[in-house]
Amino acid sequence: MAGIKLDTLTKSYGDTEVLHHIDAAINDGEFVVIVGPSGCGKSTLLRMVAGLESVTSGDVYIGDKRVNDLEPADRDIAMVFQNYALYPHMSVRQNMAYGLKIRKLPKDEIDRRVREAADILEIGQYLDRKPRQLSGGQRQRVAMGRAIVRDPQVFLFDEPLSNLDAKLRVQMRLEIRKLQKRLGVTSIFVTHDQVEAMTLGDRLMVLNAGYVEQFGTPIELYERPASVFVAGFIGSPAMNFIPCNASGTSLTMPNGIGLDTRQTATGKVFLGVRPEHLTPDATGHFKMTIEMLEHLGGVTLLHGILDGTDIQIVASLEGITQHQIGEVLTLSAPTEKLHLFDEATEKRIGD
């Protein structure tokens with residue numbers, strides 16, 4: 001196995017730079033998820049690691065080897081794509097064995113690897129079927145099996161669950177995580193789904209317009225987001241943001257209500273508070289008029305307007321609540337759960 005190092009990596013198409021000075025060290029055996037909105041450059045970055053896109057400047061290392069000039073076949077990586085990329089005229093067994101046949105491995109070794117991968121993925125009963133005879137989840141297992149048999153140093157996953165329905169996506173992401181833990185192979189997984197990212201990754205790299213906004217563990221990104229972008233992207237429902245005026249540890253909201261924070265700031269800031277950290281409290285600072293309720297069983301989402309403003313806020317309350325549309329509800333949040341961001345730079349203030 002091997003770690004991966006990205007050293008001041010950039011990618012340009014003509015005069016347009018789409019990835020900007022990406023620096024990252026991915027440890028041997030680590031599962032890293034690259035997450036961000038469509039068009040942020042995450043698939044391009046993955047394809048540069050794979051050798052499917054050229055590097056404009058900077059370096060890619062797999063293990064101790066600089067691989068910028070190596071063909072994909074020489075990088076000892078295996079890639080799982082969104083569209084499965086299976087040969088329709090071949091059986092499952094033939095699809096999984098094809099790459100090994102190209103490498104001219106002995107037939108006994110090929111058969112052994114295919115059987116072992118099929119057992120791991122529980123697709124042994126499908127080895128003689130064609131892809132058209134399989135469900136989407138079974139096809140994705142075959143695609144992963146084709147990667148496993150190669151025994152690579154690195155797995156690369158390019159939004160492999162995007163074509164699956166919601167229930168199957170949950171099941172498959174858990175199986176991918178268990179598989180990666182079992183095999184211990186360094187892995188990079190690209191997704192635009194932040195829930196998928198939070199549940200899969202040892203660490204997450206959040207990309208925005210070709211820049212790395214933050215690279216850290218899921219808990220670090222959730223509890224200490226480095227920017228407004230990360231704070232709004234990580235967590236579901238998204239964090240609430242309220243523009244405030246700061247003076248020391250005191251904040252004044254647009255409706256004139258003041259509250260204290262642990263951070264010290266001056267001037268215009270954004271106050272961030274997650275919906276799940278707002279709770280009904282008659283002495284609280286956040287008064288909202290409820291406009292819509294979403295009953296999700298385990299939680300109820302209350303959507304409303306902050307009193308005296310036109311600012312939309314969301315509160316997430318446990319269970320099924322008895323609150324009604326049109327009701328004015330006062331909420332509070334623990335001081336330690338409040339986040340401050342500079343309005344001009346949108347960067348985090350404080351710890």
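This is a predicted model, so every value here is computed, not measured.
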Judged by atom type as modelled, is there a donor-acceptor pair below 3.5 Å linking the side chain of [X] to the main-chain atoms of [Y]?
X	Y	result
Q324	Q322	yes
Q180	G29	yes
K42	G36	yes
N95	Y87	yes
S247	S250	no
R150	I77	yes
T252	G258	no
R274	Y222	yes
T191	A197	no
E53	L45	no

Sort out for me which residue in K107, R113, R115 forms a side-chain hydrogen bond (donor to acceptor under 3.5 Å, both in side chains) with D111. K107
For S57, which of T10, N68, D7 qualifies under side-chain hydrogen bond (donor to acceptor under 3.5 Å, both in side chains)? T10
Find out if a path of hydrophobic residues (ILVMFWY) with successive side-chain heavy-atom gaps under 4.5 Å connects [X] to [Y].
X	Y	answer
V60	L52	yes
V67	M48	yes
L302	V299	no
L259	L340	yes
V32	L174	no

To the nearest 0.5 Å, how far apart are [atom1] in [X] and [atom2] in [Y]?
X	Y	atom1	atom2	result
L105	D151	CG	CG	10.0 Å
E175	E122	CD	CD	7.0 Å
S12	E17	OG	CD	4.5 Å
I34	C40	CD1	SG	9.0 Å
M144	I176	CE	CD1	4.5 Å
I110	L100	CD1	CG	5.5 Å

Heavy atoms only: give me the nearest [X]-[Y] pair and the separation to one decimal.
X	Y	result
A265	I349	CB-CD1, 4.0 Å
F215	L221	C-CD1, 4.4 Å
A50	L156	CB-CD1, 3.5 Å

Pair T249, D260 - check side-chain hydrogen bond (donor to acceptor under 3.5 Å, both in side chains), show working. CA-CA 6 Å; T249 58; D260 292 327; 4.7 Å; no
Thinking salt bridges, do R173 and D193 make one under a 4.0 Å N-O criterion? no
Tell me whether K130 at atom NZ has more than 12 heavy atoms from other residues, nucleotides or ligands lying less than 6.0 Å away. yes
Enclosure of E318 CD (heavy-atom neighbours >12, cutoff 6.0 Å): no
Establish, from distance only, whether the side-chain atoms of H192 and E159 form a donor-acceptor pair under 3.5 Å. yes
Go through the side-chain N and O atoms of T309 and N255 and say whether any donor and acceptor fall under 3.5 Å apart. no
Do the side chains of I26 and I188 get nearer than 4.5 Å, heavy atoms only? yes
F189 ring centre to R177 NZ or CZ under 6.0 Å, with the angle to the axis within 45°? no
